[in-house]
Amino acid sequence: LFEANERYGEMAQNFQQYMNKYRQEGDLTGALYELGRARELQGRPHEMLSEYYDGIMRFGNDPMAYGIDQILNAYAEKYESNRLEIDETLAFLRKLKQDKAFRDKFISDRAFMFSYFEENPNITMSVQEMFYPRDFRDGLKKDMAPVDSLLATYEQRNRDFPKETPAQTFSKAYEKATAEQQQTLALRLAMALDRLGDDSQSGRLFTERDVVFASPETLMWIGQSVEDYDPNLATKAYTTVVDSHPAAEESVLGALLALGDLNLQLEDYDQAIYYYTEAEKLFPADPAIVRAVLGKGNALLASKQYNSAREEFEKVVSRRDWRGEPQAEALFKIGLTYYDQQQWDKAQAYFQRVYIGFFAFVDWASAAYYYSGQALLKMGGNGEGPSPREQARNTYEEFLANDAFRNSEYYAKIKDAMTTL
């Protein structure tokens with residue numbers, strides 16, 4: 001309510017009081033995140049980053065302090081967005097102050113003003129809105145005091161803003177956490193550095209000891225990092241999220257989906273189906289659950305349980321809120337079930353639905369074109385109309401005529417297939 005009424009000081013005070021009162025049993029990291037938002041809304045981003053850094057160092061070694069992972073991500077994102085905002089706003093105000101030709105055109109030409117703001121979208125929105133009224137702009141012809149005031153505000157904001165980048169800040173914090181044997185905090189900071197593209201974490205090796213100390217999001221990072229060369233450790237990382245951190249719901253869903261995907265890749269289809277089913281059972285309303293339904297369908301298709309696979313893919317096709325790429329994939333996979341069963345006419349009909357209705361999804365549309373042509377070649381003609389061979393050739397010519405498909409993996413296959421037609 002304080003935020004909705006732009007009472008940001010009281011909003012900040014509210015979360016400070018919460019953290020003081022519920023120090024033992026409260027969601028301190030959640031409150032800290034909101035306190036940082038309040039500071040940003042107050043126009044004090046340096047205080048937001050300071051609050052976040054203090055919270056990271058204070059609570060980051062507790063694997064159950066789930067909000068710290070969100071705060072680590074927020075620190076990096078907010079640093080970059082506020083740095084851009086300060087830089088662009090300062091550049092604009094300085095130009096307005098120092099460049100008379102620019103100032104005269106900006107004040108008198110409303111179209112030019114909006115064009116400039118469109119080209120410089122990181123200028124603070126509240127600053128942009130001050131210039132919308134004609135009376136305000138006209139007033140600047142006689143008195144630049146409002147611009148001087150804004151310029152002083154942003155010069156101060158620039159001086160207050162941290163000079164170290166998030167990578168530099170996290171690197172120092174990582175060294176400190178490592179020296180003090182704060183394993184959970186060190187892992188969190190290593191994850192943050194890796195996501196920032198810091199070379200210090202490239203080639204990092206993980207062990208089961210890391211899994212013991214990791215927070216849920218860090219466990220997900222470990223699992224994703226080792227899947228290709230140590231699926232057993234990846235499995236342990238993901239199952240630890242599910243078993244030891246049931247309250248971290250977003251991570252639990254991610255872990256169940258990752259376990260399904262990993263077992264599908266390992267061709268353990270029953271286990272993959274189990275994890276996808278668990279995800280669907282625990283999080284039926286989550287938008288990401290379409291991945292579980294598609295995953296279960298893929299596992300059933302791979303294990304040649306065609307009727308059951310079609311049931312899963314039909315669930316996707318029937319949901320309006322899953323329209324788009326998930327439905328393109330589902331329709332294509334239904335076509336594959338019929339293709340594998342040599343029901344060429346049904347398969348071709350589904351493939352055609354994909355490349356006609358979902359041509360914008362190049363990967364699925366190009367695959368559908370290829371298999372549609374293959375299904376047509378296997379169909380027997382009835383003596384009426386174009387032969388299946390002619391229909392296949394027409395399908396492939398249509399595909400090759402569309403430059404949007406030129407870089408698809410099926411382009412060369414279809415070109416090769418055309419040589420026999």
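Since we're looking at a predicted model, the values are computed, not measured.
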With no hydrogens and no angle check, is any side-chain donor or acceptor of [X] less than 3.5 Å from a backbone partner on [Y]?
X: T89; Y: I86; answer: no
X: T184; Y: F213; answer: yes
X: T165; Y: Q168; answer: yes
X: S115; Y: A111; answer: no
X: Y52; Y: Y33; answer: yes
X: S215; Y: P63; answer: no

Practice prompt. Any chance you could lay out the salt bridge (Lys or Arg N to Asp or Glu O under 4.0 Å) test for E311 and K315, step after step, and finish with the verdict?
Written response: CA-CA 6 Å; E311 288 177 10; K315 288 181 188 177; over 6 Å; no
Mark yes when over 12 heavy atoms from residues, nucleotides or ligands other than [X] sit less than 6.0 Å from its [atom1]; otherwise mark no.
X: K176; atom1: NZ; value: no
X: Y274; atom1: OH; value: no
X: L205; atom1: CG; value: no
X: K236; atom1: NZ; value: no
X: E208; atom1: CD; value: no
X: F359; atom1: CZ; value: no
X: R209; atom1: CZ; value: no

Between atom [atom1] of [X] and atom [atom2] of [Y], what is the distance when rounded to the nearest 0.5 Å?
X: D340; Y: K304; atom1: CG; atom2: NZ; answer: 6.0 Å
X: Y66; Y: H245; atom1: OH; atom2: NE2; answer: 5.0 Å
X: K78; Y: N73; atom1: NZ; atom2: CG; answer: 12.5 Å
X: E180; Y: N61; atom1: CD; atom2: CG; answer: 9.5 Å
X: R353; Y: Q327; atom1: CZ; atom2: CD; answer: 9.0 Å
X: T153; Y: R157; atom1: OG1; atom2: CZ; answer: 7.0 Å

Fill in: Among Y410, F405, Y396, W364, the one residue meeting ring pair (Phe, Tyr, Trp, His ring centres under 6.0 Å) with Y369
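That would be F405; it is the only one of Y410, F405, Y396, W364 passing the ring pair (Phe, Tyr, Trp, His ring centres under 6.0 Å) with Y369.
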Fill in: Residue that, paired with Y371, satisfies ring pair (Phe, Tyr, Trp, His ring centres under 6.0 Å) out of Y339, Y338, Y350, F399
Y339
Answer yes if the ring centres of [X] and [Y] are under 6.0 angstrom apart, and no otherwise.
X: Y116; Y: F102; value: yes
X: Y79; Y: F161; value: yes
X: F92; Y: F117; value: yes
X: Y174; Y: F170; value: no

Discussion item. Salt bridge (Lys or Arg N to Asp or Glu O under 4.0 Å), that's the test. Do D403 and R406 meet it? Break it down for me.
Written reply: CA-CA 5 Å; D403 286 340; R406 186 169 294 274; 3.3 Å; yes
Worksheet item: Stepwise, does the side chain to side chain contact (heavy atoms under 4.5 Å, CB included) test hold for N122 with D87?
Response: CA-CA 9 Å; N122 294 303; D87 289 346; over 6 Å; no
Using every non-hydrogen atom in the two residues, find where [X] and [Y] come nearest and quote the distance to one decimal.
X: Y355; Y: A365; answer: CB-O, 3.8 Å
X: L262; Y: P231; answer: CD2-O, 3.8 Å
X: V211; Y: T240; answer: CG1-OG1, 3.5 Å
X: A237; Y: I222; answer: CB-CG2, 4.4 Å
X: Y275; Y: L256; answer: CB-O, 3.7 Å

Residues [X], [Y]: salt bridge by 4.0 Å N-O rule:
X: E34; Y: R37; result: yes
X: K141; Y: D138; result: yes
X: R94; Y: E155; result: yes
X: K333; Y: E312; result: no
X: D54; Y: R58; result: no

Under a 3.5 Å threshold, yes or no: a donor from one side chain and an acceptor from the other, between [X] and [Y]?
X: Q13; Y: Y18; answer: no
X: Q271; Y: N263; answer: no
X: T218; Y: R188; answer: no
X: S372; Y: Q352; answer: no
X: N14; Y: R7; answer: no

Practice prompt. Tell me, with the steps shown, if I414 and Y411 meet side chain to side chain contact (heavy atoms under 4.5 Å, CB included).
Written response: CA-CA 5 Å; I414 288 177; Y411 192 85; over 6 Å; no
Please tabulate, one pair per line, all N/O donor-acceptor pairs under 3.5 Å involving side-chain atoms of residues 43-50, not counting sequence neighbours.
| unit_1 | atom_1 | unit_2 | atom_2 | d |
| --- | --- | --- | --- | --- |
| R44 | NE | E47 | OE1 | 3.2 |
| R44 | NE | E47 | OE2 | 3.1 |
| R44 | NH2 | E47 | OE1 | 2.9 |
| R44 | NH2 | E47 | OE2 | 3.4 |

Discussion item. With salt bridge (Lys or Arg N to Asp or Glu O under 4.0 Å) as the rule and sequence neighbours excluded, what pairs involving residues 191-205 come up?
Written reply: R195-E217
Discussion item. What verdict does the side chain to side chain contact (heavy atoms under 4.5 Å, CB included) test give for M144 and R103, after you've listed the backbone C-alpha separation in whole Å, the side-chain angles of each residue and the deciding distance to 0.1 Å?
Written reply: CA-CA 11 Å; M144 286 289 287; R103 182 169 65 250; 3.6 Å; yes
For residues 281-293, run the donor-acceptor check on the side chains, cut-off 3.5 Å, and write out each pair with its distance to 0.1 Å, sequence neighbours left out.
| unit_1 | atom_1 | unit_2 | atom_2 | d |
| --- | --- | --- | --- | --- |
| K281 | NZ | E278 | OE2 | 2.9 |
| D286 | OD1 | A288 | N | 2.8 |
| R291 | NH2 | D261 | OD2 | 2.7 |

Worksheet entry | Y276 six-ring centre to K296 NZ/CZ under 6.0 Å and within 45° of normal | no
Item to complete: For the residue pair F332 and F351, categorise the inter-ring angle as parallel (less than 30°), tilted (30 to 60°) or perpendicular (more than 60°).
Response: tilted
Discussion item. Evaluate L300 against Y269 for side chain to side chain contact (heavy atoms under 4.5 Å, CB included), listing each step before the verdict.
Written reply: CA-CA 7 Å; L300 290 163; Y269 302 126; over 6 Å; no
